[in-house]
Amino acid sequence: WFTENKTEGKMYAFVFPSKEKNKTVEWENNAPKKNTEIRSLTDNSKIKWKQEGNKTMFVSETSSENRVCVYEFIPAKENH
């Protein structure tokens, strides 16, 4: 799930609960802008991510067993 704050120019990805640690998170479309960061709003950490074709991927190092994790990023212009 995604939502966007058009005033601030940021997009938010919601990742739903999982018991797995070091889980690979990926989505298609809604790519982050190149050379920008994805930030976890759960613990304010920077996330190392990569883009392959239209897929965005990163490893979530924390378990989200009891909560939805939210990741903030600046979307690429071609998303709009």
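Positions are given from 1, in the same order as the sequence printed here. Remember, predicted model here, so these are calculated numbers, not experimental data.
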If you round to the nearest 0.5 Å, how far is [atom2] of [Y] from [atom1] of [X]?
X: W1; Y: N30; atom1: CH2; atom2: CG; answer: 13.0 Å
X: M11; Y: K33; atom1: CE; atom2: NZ; answer: 14.0 Å
X: K34; Y: Q51; atom1: NZ; atom2: CD; answer: 7.5 Å

Listed by chain and number, what are the side chain to side chain donor-acceptor pair (under 3.5 Å) partners of [X], not counting sequence neighbours?
X: T36; value: none
X: E8; value: none
X: K10; value: none

* Parallel, tilted or perpendicular: which fits the ring planes of F73 and W27, with parallel below 30° and perpendicular above 60°? -> parallel
* **Hphob cluster co-occupancy, M57 + V15, side-chain heavy atoms under 4.5 angstrom** => no
* V25 versus I47: any side-chain heavy-atom pair under 4.5 Å? -> no
* Student check: side-chain heavy atoms of F58 and Y71 closer than 4.5 Å -> yes
* Residues forming a side chain to side chain contact (heavy atoms under 4.5 Å, CB included) with E37, sequence neighbours excluded -> R39, K46
* Structure fact -> Those residues at least two apart in sequence (or on a different chain) that pass side chain to side chain contact (heavy atoms under 4.5 Å, CB included) with K48 are none
* Minimum heavy-atom distance between A31 and T56, given as atom pair plus value -> CA-OG1, 3.8 Å
* For the residue pair E4 and P75, what are the closest heavy atoms and their distance? -> OE2-CG, 4.0 Å
* Asked: Taking only residues two or more places apart in sequence, or in another chain, which ones meet Y12 in a ring-ring contact (aromatic ring centres under 6.0 Å, His included)?
  -> none
